[in-house]
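Sequence lines set the chain letters: A, B, ... in the order given, protein chains first and strands last, and positions in each chain run from 1.
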2 protein chains.
Amino acid sequence: MASNSNPKDRILQTASKLFYAQGYNATGINQILEEANVAKASLYTHYGSKDDLGIAYVKAAREDWFNALNSFLEKNSTSMEKLLRCFDFLERNMRLNDYKGCRFINLLAEVSTQNAEMRKEIVDHKSTLRAFFQNLVSDIIEDDKAKANQISDSILLLFEGAIVQSKIHLDVWPVKTAKKTATTLLNTKT
Amino acid sequence: MASNSNPKDRILQTASKLFYAQGYNATGINQILEEANVAKASLYTHYGSKDDLGIAYVKAAREDWFNALNSFLEKNSTSMEKLLRCFDFLERNMRLNDYKGCRFINLLAEVSTQNAEMRKEIVDHKSTLRAFFQNLVSDIIEDDKAKANQISDSILLLFEGAIVQSKIHLDVWPVKTAKKTATTLLNTKT
DNA sequence: AAATAAATAGACCGATTTGTCTATTTCAAA
DNA sequence: TTTGAAATAGACAAATCGGTCTATTTATTT
């Protein structure tokens, strides 16, 4: 782990790496401390417990994710271009992360019944993503609101399905397939 | 847990319930033994270790899942009807399981890097599902093979995306949305 | 330079983890 | 009814878990 920055940040960075790579329950705090080169007391002064660290992790990951997406999208592009470029972003991420999939989906599988606050952050994040797609699609399909929502939610489902299937098959074909059908749906004129 | 059947089956049944409800890593063998009313030695004679029990769990779940699906589909129905009814099956399952989502996706999130054999079973299961959709769609779209595959894979992605989003929002609207768009895709004539 | 805060190493705690082993009991087949 | 397998309860082990605490050292600030 990078030895720059302060202990507090180093803990979060290392936790982020390990929670993603090994899972939340499978990652012990001792491993985090070792790899972050940080004393145990530092974890408990900056974060109160492992669960609180987990919550801080999700919150930071939420911000990081949308920051990365927005900086990947080109400012002066149409809503249609942005929508399709979301799938390019996804493809790049899947490769970059060695097909570990979505941090939030992975975490939800572990803590859905275990930790209500982590669950809430995850749900809020995905609700934000849903609204993000809805906004872009509403720019393209302006006349029929019901149709716009049907298409934007379908794009969301294709997006999420592509994440899961990409993780399963260790390949980007699901992302390419999703992008292609998303294009088809968006070009279906009323 | 049902006290019928033999210890071996009771272990698997209880493990299946707990792994699904709490996750694999969050479930200790002691809890399984208590709820199954079974001695510890019985677990280690019938299954060799917790991981081996986990593998047995996935294998049994694979068989159960497709058995449930096939018995839900009506024998004398068209491929189109069967395809759409898959989403009714999904909706029923999501409700029935209190939106715990997909056993295989949930498990993959935990053991993807941890246990290669469990991963393989999960991947094989999803590959079977993919082929299942491909077969049905190929009955409907016979002329254009590339188009048939594009549509069947898109249905797979909608299906998987609906599972994930349904678990997130504790609602069946993603399944309904997926079914509707799947219908649209299947009705797009060449 | 003195005072204060931040970070350190690491012992320690009780609980829990998977897994082994012994000794006893239940049960079914010969 | 005897024999042998199957199942039982539970002690035990070694490791790890999250978390607390003490004592010391490093930085920062005044």
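For the salt bridge (charged side-chain N to carboxylate O under 4.0 Å, His left out) test, no residue two or more places apart in sequence or in another chain qualifies with B:Lys180.
Each of A:Val38 and B:Thr27 was assigned the nucleotide of DNA chain C with the nearest heavy atom; the assignment lying further toward the 5' end belongs to A:Val38.
Nucleotide D:dC17 holds its P atom 12 Å from the CG atom of B:Asn25, rounded to whole Å. D:dA7 atom P lies 9 Å from atom CD1 of B:Ile11, rounded to whole Å. Note: CD1 (B:Ile29) to P (D:dA9) measures 15 Å, nearest angstrom. As a whole-Å value, the separation of A:Asn30 CG from D:dG18 P is 7 Å. Between A:Asn6 atom CG and D:dA27 atom P there is a gap of 14 Å when expressed in whole angstrom units. When the C1' atom of C:dT8 is taken as reference, atom CG of A:Asn37 falls 11 Å away, rounded to whole Å. For the pair B:Leu43 CG and C:dT20 C1', the interatomic distance rounds to 13 Å; values are reported in whole Å. Atom NZ of A:Lys8 and atom P of D:dA27 are 20 Å apart (whole Å).
Checking the phosphate oxygens (OP1, OP2) of C:dA6, no side-chain nitrogen or oxygen of A:His46 falls inside 4.0 Å. Remark: A:Ser42 is not in phosphate contact with C:dA6, judged by side-chain N or O atoms under 4.0 Å from OP1 or OP2.
A side-chain donor from one of A:Asn6 and A:Asp9 sits under 3.5 Å from a side-chain acceptor of the other.
Side chain of A:Arg10, nearest nucleotide from D:dG19, D:dT8, C:dT8: C:dT8. When the nucleotides D:dT8, D:dG18, C:dG19 are ranked by their closest atom to the side chain of A:Lys50, D:dG18 comes out on top. Comparing C:dA7, D:dC21, C:dT20 by their closest approach to the side chain of A:Ala41 singles out D:dC21.
Side-chain contact between B:Phe159 and B:Leu129 is present, with at least one heavy-atom pair separated by less than 4.5 Å. At a threshold of 4.5 Å between non-hydrogen side-chain atoms, the residues A:Arg85 and A:Ser77 do not count as touching.
In this structure, the ring of B:His125 has its center less than 6.0 angstrom from the ring center of B:Phe66.
As judged by a 4.0 angstrom heavy-atom cut-off over every strand, B:Ser49 is placed among residues touching the sugar-phosphate backbone only.
Evaluation of atom-type donor-acceptor distances gives a pair under 3.5 Å for the side chain of A:Lys40 against the base of D:dG19.
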